[in-house]
Amino acid sequence: MAHLPTRSFQAYQVFAANTNVGKTIFSAGLVRAAAALSVGADKKRSKAFYLKPVQTGYPVDCDARHVKKYAPLVETSRLYAYPDPVSPHIATTEPPPDSEVLLATTTALLNFKQSLSPQEKGWALLETAGGVNSPIMSGELQSRFYRPLRLPTVLVGDSHLGGISTTLTSYESLHQYGYDIPALLLFDNKSMNHQFLDRYLAKAENRPTVHVLPSPPEKLADPAADAEQLHEYYKKTESYFKDVVQELDKVHQQRMDRLDELADKARTSIWWPFTQHHTVKDVTVIDSAYGDLMTTYVEPKDKLTSTSNGTKKDGSWKEMFDGCASWWTQGLGHGSPELTQSAAYAAGRYGHVMFPECSHEPAVKLSETLLGTVGQGWASRVFFSDNGSTAIEVALKMALKASQDRYLNLGAATGRVEVIGVDGGYHGDTIGAMNACSPNVYNAQVTWYKSHGHWFSPPTVLFKDSQFQITVPAEMTSTKEPLKLTVDNLSSVFTAPSSTDPRLEIYRSHIRSTLDHLTKVEKRSFGALLMEPVLMGAGGMVWVDPAFQRCLVEEVRGYNFGEEQTPKKSLALIPTQNTWKGLPVVFDEVFSGCWRLGRKSAADMLQVNPDIAAYAKLLTGGLVTLATTLTSDSIFNNFLSETKTDALLHGHSYTAHPIGCAVANTSLQTYQRMEAHGDADQARRDWGALGHENLGVWSLWDHQVVDRISRLDVVQGVVPLGSVLAIQMREADGPSGYASQLSQTVQRLMREKESDAEVAIFGRPLGNVVYMIASQVSTREQLAKVENILLRTLEGSL
């Protein structure tokens with residue numbers, strides 16, 4: 001929190017377009033002016049602080065010493081110093097961890113911020129080393145290393161011949177990574193670079209103000225004489241630097257004003273999804289996000305009043321762990337530089353282009369990547385759409401057409417063709433996808449909703465009291481009582497049951513008898529088996545017994561759903577190796593796919609290949625919307641003919657948009673690389689899984705913590721799979737399910753912090769389930785902090 005601004009505290013970082021462009025001269029002038037200036041309407045005395053995190057060439061070169069010499073009122077600090085006058089990445093053979101350097105930087109800012117009295121304003125300046133993309137000791141680029149702070153940036157341009165190019169390159173790099181750049185500083189010389197840059201940047205979004213200052217004198221051989229002329233230079237230019245500081249203060253106050261009004265603006269102009277507006281109390285204003293954290297702002301409660309000296313009151317800042325992964329989308333963290341670069345390249349190369357009967361490299365490459373990962377061994381075609389719900393609609397159109405073409409008089413008895421599914425599954429908010437779900441709270445208010453299917457009540461798995469417990473629903477058992485079994489460990493949940501395990505016979509018998517009743521007694525027709533494999537997300541993070549889902553697929557594929565007819569088309573079809581049987585099996589992997597649960601797909605965990613599958617959310621790592629529906633040529637062939645009306649007539653204006661395809665390629669390649677490098681091997685070992693060469697089943701969440709949670713009376717059970725940690729709460733009284741108050745209480749408490757050292761946790765309640773979803777790049781250190789807060793909340797008074 002040290003770097004976050006208030007009305008009385010502002011911090012900046014100075015980046016330069018190159019080395020030797022006057023970065024330290026500008027820095028000294030700015031903090032010197034800030035220390036001498038009472039800024040703002042309240043005329044508080046300003047206290048200035050200069051911080052140089054990394055210094056090379058020390059002690060011959062010492063920028064903090066220079067600043068202290070010519071701005072004696074300024075507090076200065078230097079953190080890491082190395083004697084060789086070289087780039088930081090080669091200045092040491094033992095670079096400190098980036099996390100250590102960042103912590104030291106924020107601690108220095110915090111100490112200064114806490115030293116301010118109520119009568120003082122704070123003005124801090126962090127001077128970077130070298131150019132914008134110069135590396136620090138670890139080799140990480142400065143532009144990326146300092147991004148978690150996202151301090152407003154004063155960019156020092158290159159005033160020399162050729163400096164326009166380096167300045168614009170630096171500006172665009174910083175802008176691309178999400179920095180605000182309120183000021184661009186240049187020296188006035190014969191190159192006149194400032195004139196061109198001012199004109200060019202006039203049309204830029206959030207354009208910086210270009211400030212031109214007199215050039216410093218040439219360095220003299222006599223140190224005393226040189227020092228004297230620099231003293232004189234700083235005196236003569238003080239008014240110039242004061243103008244810059246005052247302009248920065250103006251922009252700063254405008255930023256704070258805008259933050260104060262964003263919540264009210266949202267309340268009066270936005271219709272939020274899944275939100276009862278009548279009950280909204282606090283609006284979370286998200287100022288920025290990076291990695292797993294969101295920087296949020298809460299408006300002052302009485303912002304219309306002022307403090308005793310007439311200044312506006314401050315709101316409050318929170319750094320919040322994105323516990324819901326921004327509705328399950330975050331795979332590689334917010335603001336990922338790699339994803340940002342992929343998006344920028346595709347935007348610059350293509351923008352958006354037409355797709356039907358067209359081809360472009362990002363779409364073809366993504367298709368190849370998908371077919372070689374989540375579709376490996378079964379899929380041969382990729383259809384693009386824009387979100388998970390429409391990807392499922394596409395899948396249904398594929399499956400139902402295939403069944404219609406195979407079975408004679410399909411749907412004749414009842415006038416409709418239905419789907420078979422699992423109760424509690426949810427496939428999206430569009431009408432077609434809703435109709436393929438059992439009645440639930442999401443479709444209850446939709447007038448057009450009509451149930452088109454039969455849904456099996458699923459056997460479920462929960463980790464409770466240190467055991468993995470499987471519950472077979474009463475409707476499946478001969479005693480009509482639920483059957484409870486336990487298995488040894490997480491991997492055993494996914495192991496095929498032994499011959500003495502009663503589940504297989506129970507499941508197969510129930511599925512067969514149900515199918516017989518549906519088709520022979522009720523005369524109903526079915527065109528697809530549709531389900532979320534392993535984990536049903538929106539329905540309440542329900543972990544379905546993998547053995548049941550395997551049985552369901554096997555029984556459906558072996559069942560006779562009607563009289564087959566002779567294919568009508570005489571067109572030569574594409575040869576296929578994987579011809580679908582029974583009904584097309586559709587897996588909704590919008591939530592579970594793309595390494596969410598620790599493996600490339602939930603189908604891979606089940607060791608069952610679908611005929612059609614939908615992927616979205618983690619597909620693009622959390623940056624842009626894109627969805628795909630994968631299938632085999634045996635499904636694709638049903639749409640081949642000489643007539644266009646036989647084609648799959650579905651599409652979107654932004655189908656296979658190059659930006660999304662490029663970002664998805666980068667995301668999938670990153671997931672693959674992380675798996676191959678064994679990034680999660682520590683978590684695998686913690687859960688007793690095999691190393692990454694053998695995959696296995698595991699959780700990113702600490703085994704001991706999960707075990708401790710499972711033994712709490714208030715907890716019904718826990719689901720620890722991959723990046724997902726779902727906790728089913730036990731309601732003592734009051735409403736349960738989607739109307740649960742207990743889970744909302746837990747989420748509210750976790751949004752509060754007990755100290756500045758903590759992060760708050762931003763989560764969304766899901767009925768009586770409290771869930772946390774990590775990204776694939778979440779660190780053990782970060783997750784441990786979240787686990788501590790979660791434990792404290794659950795073990796406290798609820």
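Heavy atoms only: backbone and side chains are in, while hydrogens, waters and symmetry mates are out.
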Proximity of Trp327 and Phe274 rings by center, below 6.0 Å: yes

Validation row, ring centre His510 to ring centre Phe456 under 6.0 Å: yes

Gln376 side chain vs Leu371 backbone, donor-acceptor pair below 3.5 Å: no

Polar side-chain atom of Thr495 near backbone of Ser491 as donor-acceptor pair, under 3.5 Å: yes

Is the closest side-chain donor-acceptor distance between [X] and [Y] under 3.5 Å?
| X | Y | result |
| --- | --- | --- |
| Thr430 | Glu393 | yes |
| Asp386 | Thr625 | no |
| Tyr559 | Thr519 | yes |
| Thr643 | Thr645 | no |
| Asp604 | Ser601 | no |
| Gln469 | Thr486 | no |

Cation-pi geometry met for Lys401 and Phe639 (6.0 Å, 45°): yes

NZ or CZ of Arg406 within 45° of Trp580 ring axis and under 6.0 Å: yes

Salt bridge between [X] and [Y], side-chain N to carboxylate O under 4.0 Å?
| X | Y | result |
| --- | --- | --- |
| Arg512 | Asp516 | no |
| Arg557 | Glu555 | no |
| Arg381 | Asp633 | yes |
| Lys600 | Glu675 | no |

Between CG on residue Asp423 and CE on residue Met531, distance to nearest 0.5 Å: 14.0 Å

Distance, nearest 0.5 Å, that separates CZ of Phe468 from OG of Ser492: 9.0 Å

Residue from Leu597, Leu721, Thr460, Leu462 passing side chain to side chain contact (heavy atoms under 4.5 Å, CB included) with Trp543: Leu721

Plane angle bin for Tyr507 and Phe548 - parallel if under 30°, tilted between 30 and 60°, otherwise perpendicular: perpendicular

Sub-4.5 Å side-chain heavy-atom contact between Arg416 and Ser525: no

Heavy-atom side-chain proximity of Ser385 to Thr628 below 4.5 angstrom: no

For Val769 against Gly540, the heavy-atom pair lying closest together: CG2-O, 3.4 Å

Residue list, ring pair (Phe, Tyr, Trp, His ring centres under 6.0 Å) with Tyr407, at least two apart or on another chain: none

Worked verdict on Val487 versus Phe494 for side-chain contact (heavy atoms from CB on, under 4.5 Å): CA-CA 10 Å; Val487 294; Phe494 290 86; over 6 Å; no

Steps toward ring-ring contact (aromatic ring centres under 6.0 Å, His included) verdict (His652, Phe384): CA-CA 9 Å; His652 305 274; Phe384 292 90; over 10 Å; no

